[in-house]
Amino acid sequence: MHLAGHLTAIGWITFALYMIAALLSFRAAVVSRFKNTDAMDLIWIWLGAILAVLGLNKQLDLQTLLIELGRQVARTGRLYDYRLELHILFFLGFILVIIALFAAVMLRSPADVGRFGRQLPLAAGGCALVCAYIVIRAASIVHIDQMQGFDLERIPFLWLLEAGGLMLIIVQALRNTDSIR
């Protein structure tokens with residue numbers, strides 16, 4: 001069983017960026033609550049929690065553990081011959097979960113989502129870049145890209161999409177906490 005994730009220099013740097021972004025998001029939540037700014041504290045708390053989980057996953061490589069578990073279940077259940085179809089279903093399910101979560105947030109508080117984009121444009125852009133990276137990685141992990149005749153893992157500097165998104169979030173969090181001093 002493989003539990004160690006991205007134990008490369010880039011992997012550790014990305015992990016550090018996730019943790020810095022998470023901590024600064026939590027700090028921005030405290031500042032936002034202190035300044036009493038329209039539920040932005042809850043957005044920063046959620047963002048910090050999500051970034052912390054993604055950062056831990058970066059090093060623990062939990063998706064690999066999930067894939068291995070899925071393979072074992074497929075072999076045991078005699079579904080391994082249908083693995084390509086299962087990969088497609090998994091990827092589509094993953095995308096549907098992301099869409100459902102976004103829709104739930106939009107339905108629950110569309111004003112907060114709009115305010116997030118207007119008041120925290122760098123963080124919103126950073127979230128979009130990190131989400132794009134996650135979707136690309138998910139497509140690559142389940143070989144959707146190779147079924148289409150290309151390999152997303154061969155995109156040079158793909159990690160910059162993730163790191164760039166995290167840097168935007170960090171800059172936004174620093175900007176939002178800077179005014180407290």
Side-chain angles (χ1 to χ4, degrees), residues 2-67 94-95 97-106 108-141 152-153 155 157-181:
H2 173 71
L3 281 179
H6 301 275
L7 301 177
T8 64
I10 291 174
W12 281 108
I13 290 168
T14 307
F15 170 74
L17 287 174
Y18 270 111
M19 293 302 113
I20 291 166
L23 290 172
L24 289 174
S25 294
F26 290 131
R27 183 172 175 229
V30 170
V31 170
S32 182
R33 179 157 294 177
F34 177 74
K35 291 167 42 176
N36 197 21
T37 53
D38 300 336
M40 287 295 121
D41 57 334
L42 291 175
I43 290 172
W44 282 116
I45 288 170
W46 275 105
L47 184 56
I50 291 166
L51 291 171
V53 168
L54 288 172
L56 290 172
N57 180 61
K58 189 73 174 176
Q59 287 310 96
L60 296 176
D61 210 13
L62 297 175
Q63 71 276 2
T64 302
L65 183 61
L66 181 65
I67 290 167
F94 176 74
I95 297 300
V97 166
I98 290 173
I99 291 169
L101 288 173
F102 185 72
V105 170
M106 285 295 293
R108 186 165 190 267
S109 54
D112 288 342
V113 174
R115 194 170 30 249
F116 175 61
R118 285 189 307 280
Q119 291 182 2
L120 308 172
L122 294 176
C127 289
L129 291 176
V130 171
C131 284
Y133 173 81
I134 290 169
V135 169
I136 290 169
R137 284 286 295 138
S140 180
I141 287 171
L152 291 171
E153 287 293 314
I155 296 174
F157 306 109
L158 180 62
W159 62 272
L160 283 176
L161 190 64
E162 183 179 31
L166 293 168
M167 290 302 296
L168 287 174
I169 294 167
I170 288 168
V171 168
Q172 185 76 72
L174 288 171
R175 281 187 177 180
N176 280 46
T177 57
D178 193 34
S179 62
I180 193 76
R181 294 178 201 174

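This is a predicted model, so every value here is computed, not measured. Along the sequence shown, residues carry numbers from 1. Every heavy atom of this structure was used, including side-chain atoms; hydrogens, water molecules and symmetry mates were not.
- Atom CD1 of Ile20 and atom CD1 of Ile169 lie 12.5 Å apart (nearest 0.5 Å).
- For the pair Ser25 and Leu51, the minimum side-chain heavy-atom distance is below 4.5 Å.
- Side-chain atoms of Asp41 never come within 3.5 Å of backbone atoms of Ser32 as a donor-acceptor pair (strictly under, hydrogens ignored).
- If you take CG on Leu62 and CG on Leu60, they are separated by 5.0 Å, rounding to the nearest 0.5 Å.
- Of the inter-residue distances, the one linking Thr8 atom OG1 with Trp159 atom CH2 reads 10.0 Å to the nearest 0.5 angstrom.
- Residues passing the side-chain contact (heavy atoms from CB on, under 4.5 Å) test with Leu17 are Ile13, Ala163, Leu166, Met167, Ile170, sequence neighbours excluded.
- Contact check for Val31 versus Trp44: no side-chain heavy atoms found under the 4.5 Å cut-off.
- For the pair Tyr18/Asn57, no side-chain contact is recorded, criterion being any heavy-atom separation below 4.5 Å from C-beta on.
- Ile98 has its side chain within reach of Val135: a pair of non-hydrogen atoms, C-beta onward, lies under 4.5 Å apart.
- Nearest heavy-atom pair, Ala52 versus Ala22, reported as atom, atom and distance to 0.1 Å: N-CB, 3.7 Å.
- Between the CG atom in Leu24 and the CG atom in Leu47 there is a gap of 10.5 Å [rounded to 0.5 Å].
- For Phe26, there are no ring pair (Phe, Tyr, Trp, His ring centres under 6.0 Å) partners, not counting sequence neighbours.
- In plain terms, the two heavy atoms of Leu56 and Met19 that are nearest each other are N-CE, 3.8 Å.
- The salt bridge (charged side-chain N to carboxylate O under 4.0 Å, His left out) contacts involving residues 159-169 comprise Lys58-Glu162, where partners must be two or more places apart or lie in separate chains.
- How far CD of Gln172 is from OG1 of Thr177: 10.0 Å, rounded to the nearest 0.5 Å.
- The distance from the CD1 atom of Ile134 to the CZ atom of Arg137 is 10.5 Å, given to the nearest 0.5 Å.
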